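Notes follow once the structure below has been shown.
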Amino acid sequence: MKPMNSFHRKVLAAAACLVPMSGFAADAGDDLSYGYVEVDYINLDVDQPGESNAFDGDFDNGGGYGISASLPITEQFFVFGDWTETESDFGFVDSQNFFIPGNVDVKRLNLGGGFAMPMSSGADLVLRAAYSDLDFNSFNFGATSSNRFRDLDDDPSDGWMADVAWRAQWTQAIEGSLGVRYTDIEAADNISFIGNVLFELSPNWGINLQVDAGDELITYGAGVRMTF
């Protein structure tokens, strides 16, 4: 089996970059909350060579899980963190007759902050930005196995992401968001459209459905969220 080439790394990096990251937490009232913990199952639909778009072919091209949390600092500022681990299940021959193996783990850590700008009753404009570190198979915080912060300057697999979204409380028990995200990492620069719908079962618990649609990958997620 030949080693993984740049195309496969790009696809897998896109998978990690487009995984829905931390959504936007809410409670069951009119006020939107930015404090939560969430665990998600993630499903990948990859645009493989020969497909006209990511909706063609198999719906389930792999997946994984994600863990995310958000903590409000003030009424408008919050910090958040995400950990995701996914892999693609497919192996195929690309347009250059190069065999692309599947089953490669992609792990990503995001640490950042955000600002919620109230626009009307039960609706916010949300701006977020984060440091992102992405690795294949084993995860190293920075360029080497060292965990020193100065090692981050030499890491080709880290970068940043930013997104903006309109988020609103639609009903007493349903809220949602719609926006756009940009990710800038050496292995994968992507623009994608993001959205979610949160069904609030109680003031503290809910089921979150989310989608992140990019050029080469569509990511679907479903998870359980505890809001505080």
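It should be emphasised that the depicted structure is a prediction, and the values quoted were computed from it without experimental measurement.
- A donor-acceptor pair shorter than 3.5 Å can be found between the side chains of S177 and N196.
- Once rounded to the nearest 0.5 Å, the distance linking CG of L198 with OG1 of T227 reads 6.0 Å.
- Rounding to the nearest 0.5 angstrom, the gap separating the CD1 atom in I67 from the CG atom in D82 is 10.5 Å.
- The closest side-chain heavy-atom distance from R108 to T183 is below 4.5 Å.
- One hydrophobic cluster, built from ILVMFWY side chains closer than 4.5 Å, holds both L125 and Y182.
- Distance alone, capped at 3.5 Å, places no donor-acceptor pair between the N110 side chain and the G81 backbone.
- A continuous path of hydrophobic side-chain contacts links I207 to M226 [ILVMFWY only; heavy atoms under 4.5 Å].
- For the side chain to side chain donor-acceptor pair (under 3.5 Å) criterion with N208, the lone passing option out of E175, E38, E200 is E38.
- Contact between R128 and D163 at its shortest, heavy atoms only, is NH2-OD2, 2.7 Å.
- Contact of the L71 side chain with the F78 side chain is not registered, since no non-hydrogen atoms from C-beta on lie closer than 4.5 Å.
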*Please lay out, stage by stage, how D212 and Y220 fare under the test side chain to side chain donor-acceptor pair (under 3.5 Å).*
CA-CA 7 Å; D212 196 320; Y220 303 93; over 6 Å; no
*May I have the step-by-step check of side-chain contact (heavy atoms from CB on, under 4.5 Å) for V180 and V164, ending in yes or no?*
CA-CA 6 Å; V180 62; V164 57; 3.7 Å; yes
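- To the nearest 0.5 angstrom, L109 atom CG is 6.5 Å from D133 atom CG.
- Legend: residues meeting ring-ring contact (aromatic ring centres under 6.0 Å, His included) with F228, ordered by chain and number and at least two apart, are absent.
- Side-chain heavy atoms closer than 4.5 Å link hydrophobic residues (I, L, V, M, F, W, Y) into clusters, and following such links, even through other members, never connects L32 to W205.
- Proximity of W170 to V197: side-chain heavy atoms (C-beta onward) are separated by under 4.5 Å at one or more points.
- Y36 is not connected to L201 by any chain of hydrophobic side-chain contacts under 4.5 Å among Ile, Leu, Val, Met, Phe, Trp and Tyr, and they are in different clusters.
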_Pair K107, W83 - check side-chain contact (heavy atoms from CB on, under 4.5 Å), show working._
CA-CA 7 Å; K107 301 175 182 179; W83 170 264; 3.7 Å; yes
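- Annotation for L209 and A222: closest pair CD2-CB, 3.8 Å, computed over non-hydrogen atoms.
- Between the Q169 side chain and the T171 main chain, a donor and an acceptor come within less than 3.5 Å of each other.
- By the 30° and 60° cut-offs, the orientation of the rings of F77 relative to F115 is tilted.
- For E85 and Y65, the side-chain atoms include at least one donor-acceptor pair closer than 3.5 Å.
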*Can you check side chain to side chain donor-acceptor pair (under 3.5 Å) on D124 and Q76, steps first, answer last?*
CA-CA 10 Å; D124 291 347; Q76 292 181 292; over 6 Å; no
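- The hydrophobic clustering, which links ILVMFWY residues whose side-chain heavy atoms are closer than 4.5 Å, places W160 and L127 together.
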*Hey, mind stepping through V211 and T219 against side-chain contact (heavy atoms from CB on, under 4.5 Å) and telling me if it holds?*
CA-CA 6 Å; V211 63; T219 301; over 6 Å; no
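- One distance of note links OG of S70 with CZ of R225; it measures 9.0 Å at 0.5 Å rounding.
- W166 and A123 make their closest contact through CZ2-CB, 3.7 Å (heavy atoms, listed as atom of the first residue, atom of the second, distance).
- The minimum heavy-atom distance linking G35 with P72 is given by the pair CA-CD, 3.5 Å.
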